[in-house]
K.L.:
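Provided herewith is a single structure, encoded as structure tokens, for subsequent inquiry.
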Protein chains: 2
Amino acid sequence: MQKQTKFLLSENDIPRYYYNIMADSPVPATPVLNPMTKEPVTPDFLSALFPMNLIEQEISMDRYIEIPDEVREIYKLWRPTPLIRAHRLEKALDTPAHIYFKYEGVSPSGSHKSNTAVAQAYYNKIAGTKALTTETGAGQWGSALSMACKFFDLDLEVYMVRVSYEQKPYRRYLMETYGAQVYPSPSTRTQAGKAILAQDADSPGSLGIAISEAVEAAAISNGLKKYGLGSVLNHVLLHQSVIGEEAIKQMDMADEYPDVVIGCVGGGSNFAGIAFPFLREKLLNDRDTRFIAVEPTASPTLTRGKYAFDYGDTAQMAPIVKMHTLGHDFIPAKIHAGGLRYHGMAPQMSMMVDAGLVNAVAISQMDVFEAASLFATTEGILPAPESAHAIRGAINEAMDAKALGEKRVILFNLSGHGHFDLTSYQAYNEGKLEHYDYPEEAIASIDERLPNVSLGVTN
Amino acid sequence: MQKQTKFLLSENDIPRYYYNIMADSPVPATPVLNPMTKEPVTPDFLSALFPMNLIEQEISMDRYIEIPDEVREIYKLWRPTPLIRAHRLEKALDTPAHIYFKYEGVSPSGSHKSNTAVAQAYYNKIAGTKALTTETGAGQWGSALSMACKFFDLDLEVYMVRVSYEQKPYRRYLMETYGAQVYPSPSTRTQAGKAILAQDADSPGSLGIAISEAVEAAAISNGLKKYGLGSVLNHVLLHQSVIGEEAIKQMDMADEYPDVVIGCVGGGSNFAGIAFPFLREKLLNDRDTRFIAVEPTASPTLTRGKYAFDYGDTAQMAPIVKMHTLGHDFIPAKIHAGGLRYHGMAPQMSMMVDAGLVNAVAISQMDVFEAASLFATTEGILPAPESAHAIRGAINEAMDAKALGEKRVILFNLSGHGHFDLTSYQAYNEGKLEHYDYPEEAIASIDERLPNVSLGVTN
């Protein structure tokens, strides 16, 4: 009866430093290229989009970067987040595995995205920025940045992928309640959006397109607006390290250490957030942990993409980075995990996968919602469809442990709740959810859709 | 910089006993009458609706009732809930008041309702019940009972007030994800529902009507189904005492004691949950605290209703109790705080108001959403429209303290989040929210709409 369920830390345990995996990476950083010249970018190019303090973080090789007091003060509204032992899920699976999850859905905007949103808004504010632009898929990032911008008195314009704008109206209402301006993407507000609409007036949009629009809106603002990205970049990944740093302390409270750490991946930031601090322990302290990144079969960047230089966005305005990619013009199927509909991947994530330190698996939408439903009816929490990919990964590991009759300590990141995704659940409940397999045609044509870069490295 | 924001307890601090205000009430319990005979009810009559273990709690005079281990085990999924100091709201109001809120929205179903839902499902389960029926307004109670019934393997049928069924579809999807059957009320499934529809085919419904339908569905089931109520009854109120018991410990952690405790009231359970343990401290230990119950002007039961014997439901099938009432056939305006659209009040709440121990105020919908919006943009959390009544009450107290230049310690219950109420926020954001004043005509006619009871006491 006295089995512990929640492992809670106090406010004093909110991490004081962000962890930067680049200090410990066994492989060096790959260059970031200017999309026009295809030469390594200059800080000058980046400064049209980002304030210098974030650019410095982006290229930093420091292991630890101090978290400003003003940011930690706001983190107190929801951090430290709980680590929860999924006793009831374990029982339903009848598995000897111990399943833990870190729950980031307690943030006001409902996901891990608030961790970097508050940091980005703060760094922009002290750099003198007055307004930001951004994209959002399912709306987790847009909601998080909307709240953060409101807190720091910054204006915000959000380009929301049209399919999510239509599937998830509550997310838009939330962003508007926080004071943001929200536009469905592709829109007619930008050249990038107009070009896509000219080709396909019914375009469902993609993160790649929405990024193009948000980047363009900032780039043509004569410095009035900067751009904020919710994943992919290293400064975003390192802001998310608070998740893993807390989880290390909490696993210690539970007197266990994870055999496997699991997260879903779209751009890679929530995965990196929970995994990289544990990866540091593996690299520096020989802790034996496996890492599994779970992505959708409909957007199988890590499992079926190519590790190559490609544009970060569809309209070729964002920098070219080396990453696993399905091609910058890839438009994923309309899966309900809108946050995972991205053609590329964080370069640091791709490096770790390429180095064999992180494994990737792809899971289809139906299997994901089956796991989401089982989780909701055992643990109570309704997970975001994105996060449910991690749940499915954890269940698969737990069932494997059961088949082998072994105890296994599984930790996954429940990056957000699904309160704004209930139309997706209803489609599942009514048997109307579509099955999406691998996009074989797009996968076969990746090579011919990649840009030519002349570094003599790849492509 | 080191000001504390969250006050967290450990799992061991989850209360071990429910607190029953009837042990300490300065006024005696009023009788509960059979709606047919208008004589005091027998346990036999009640046992058609409730299992005997809950009937015993309903009439108990014990001060403390032990919480079963099985219930505490499930409480661990979200309890103890945080107590949060609203530093950012205080700053926005520029008030010397200290504002604290107890946040019940962290439960999986998003509100305090889970506290009694789990208890009711458990007590029904051990009594041999196989299925439950219930009503729900905005859906907080229906969601909570859906999850609890799933956990204890009980079937559930929910009659959801039609206006909320239409305004808040996500709540229905959530209940269905937890496995419940949900019907808009008035429905054609019951005689009570058909009778209302015959009078008004477009009836928006009310909690009173939905209760009639759920009671009828249980009453005609030949004992196959029992009925669960989300508020009003004393066993529900005492299940909610975990809120206040935790808050007492947490205020102690903050080294403060509330000058005023505030909650919203529909049936009265979340208010009683936070207030009655503090009221015990006032009655037994002379702690000097004021209590303020906040209700909507559109359904002003405590402020403009009559303290009299009346039916708990519209179709006169539920017991007659002495309470503040607007008349059992009162249909409130379509305010977005669906959970507060009830004609009556918990008898224990009414007793305390009548005895002068609790004060009541009524606030209009527009003022409530203004407060909700300010809260969301300062504290981040999007409150339920119901809970936002308590926020408005707290803001009014804080502004009063400011006007008087005095420090005042304010504690309110944030009974739930508003993630499923975003269409209401959108109506507010777009300037489309209706203003609802007091229903003067209904108030003027209460006397003639009350039942005749022959106790020689009132009516």
Side-chain angles (χ1 to χ4, degrees), chain A residues 1-12 69-70 72-80 82 84 87-88 106-110 114 147-148 150-151 169-174 176-179 372-373 376-382 417-430, chain B residues 1-12 69-70 72-80 82 84 87-88 106-110 114 147-148 150-151 169-174 176-179 372-373 376-382 417-430:
Chain A
M1 222 44 227
Q2 282 311 314
K3 55 189 184 181
Q4 198 168 347
T5 297
K6 287 198 306 303
F7 300 87
L8 301 177
L9 299 168
S10 78
E11 287 180 0
N12 289 331
D69 280 346
E70 292 82 350
R72 291 184 77 245
E73 200 58 42
I74 292 176
Y75 282 172
K76 287 182 183 175
L77 296 178
W78 69 95
R79 304 211 72 82
I84 301 174
H87 289 294
R88 296 176 53 84
V106 295
S107 91
S109 73
S114 298
M147 185 191 84
K150 185 72 183 182
F151 282 9
Y170 280 32
R171 277 284 180 194
R172 168 163 72 91
Y173 303 157
L174 181 60
E176 290 175 352
T177 297
Y178 286 137
S373 185
T377 53
T378 52
E379 295 295 322
I381 297 168
L382 188 86
H417 64 62
H419 298 171
F420 305 116
D421 304 287
L422 274 157
T423 50
S424 308
Y425 277 89
Q426 191 62 0
Y428 174 73
N429 294 340
E430 293 177 347
Chain B
M1 220 44 227
Q2 283 311 314
K3 54 189 185 181
Q4 197 169 347
T5 297
K6 287 199 305 304
F7 300 87
L8 301 177
L9 299 168
S10 78
E11 286 180 1
N12 289 331
D69 280 346
E70 292 83 349
R72 290 184 78 244
E73 200 59 43
I74 292 177
Y75 282 172
K76 287 182 184 176
L77 295 179
W78 71 94
R79 304 211 72 82
I84 301 174
H87 289 295
R88 296 176 51 84
V106 295
S107 90
S109 73
S114 298
M147 185 190 84
K150 185 71 183 180
F151 281 9
Y170 280 31
R171 276 283 180 195
R172 168 163 72 93
Y173 303 157
L174 181 60
E176 290 174 352
T177 296
Y178 286 137
S373 185
T377 53
T378 52
E379 295 295 321
I381 298 169
L382 188 87
H417 63 62
H419 299 170
F420 304 117
D421 304 288
L422 274 158
T423 50
S424 308
Y425 277 90
Q426 192 62 2
Y428 174 73
N429 294 340
E430 292 176 347

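Because only heavy atoms are used, hydrogens play no part in the values below, and waters and symmetry mates are left out as well, while side chains stay in. Throughout, protein chains are lettered first and strands after them, A, B, ... in sequence-line order, and every chain is numbered starting at 1. This structure is a prediction, so every number in the text was calculated from the model and none was measured.
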K.L.:
Between A:Lys150 (side chain) and B:Ala376 (backbone), is there a donor-acceptor pair under 3.5 Å?
P.N.:
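No.
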K.L.:
Among B:Trp78, B:Tyr173, B:Phe7, who wins on heavy-atom pairs under 4.5 Å with chain A?
P.N.:
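Max contact count across the listed options: B:Tyr173.
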K.L.:
Heavy atoms only: give me the nearest B:Phe151-A:Glu379 pair and the separation to one decimal.
P.N.:
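Nearest pair, atom of B:Phe151 first, then A:Glu379: CZ-C, 4.0 Å.
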K.L.:
Under a 4.5 Å heavy-atom cutoff, which of B:Asp421, B:Leu382, B:Leu8 has the most pairs with chain A?
P.N.:
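Winner by heavy-atom pair count: B:Leu382.
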K.L.:
About how many Å separate CD1 of B:Ile381 and CE of A:Met147, when rounded to the nearest 0.5 Å?
P.N.:
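That separation rounds to 9.5 Å.
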K.L.:
If you take the centroid of each ring, where Trp contributes its six-membered ring, are B:Phe420 and A:His419 closer together than 6.0 Å?
P.N.:
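A:His419 vs B:Phe420: aromatic centres under 6.0 Å.
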K.L.:
Under a 4.5 Å heavy-atom cut-off, does chain A meet the side chain of B:Thr423, its backbone, both or neither?
P.N.:
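Contact with chain A: backbone and side chain both.
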K.L.:
Side chains of B:Gln4 and A:Glu11: donor-acceptor distance under 3.5 Å anywhere?
P.N.:
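Short answer, no.
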K.L.:
Please check this pair: side chain of B:Lys76 against backbone of A:Lys6, looking for a donor-acceptor N/O pair closer than 3.5 Å.
P.N.:
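It does not hold such a pair.
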K.L.:
Using 0.5 Å steps for rounding, measure from the OH atom of A:Tyr425 to the CD atom of B:Glu176.
P.N.:
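With rounding to 0.5 Å, OH (A:Tyr425) is 14.5 Å from CD (B:Glu176).
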K.L.:
Quick one: do A:Leu422 and B:Arg172 satisfy side-chain contact (heavy atoms from CB on, under 4.5 Å)? Show the steps, please.
P.N.:
CA-CA 9 Å; A:Leu422 274 157; B:Arg172 168 163 72 93; over 6 Å; no
K.L.:
Please flag which part of B:Leu174 lies under 4.5 Å from any non-hydrogen atom of chain A: side chain, backbone, both or neither.
P.N.:
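Both parts, heavy atoms under 4.5 Å.
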K.L.:
To the nearest 0.5 Å, what is the distance between CG on B:Asn429 and OG1 on A:Thr177?
P.N.:
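Rounded to the nearest 0.5 Å, the CG-OG1 separation comes out at 4.0 Å.
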K.L.:
Donor-acceptor pair, A:Tyr178 side chain versus B:Gly380 backbone, under 3.5 Å?
P.N.:
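Between the backbone of B:Gly380 and the side chain of A:Tyr178 there is a qualifying donor-acceptor contact (under 3.5 Å).
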K.L.:
Let me know if B:His417 has heavy atoms under 4.5 Å from chain A in its side chain, its backbone, both or neither.
P.N.:
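B:His417 touches chain A through side-chain heavy atoms alone.
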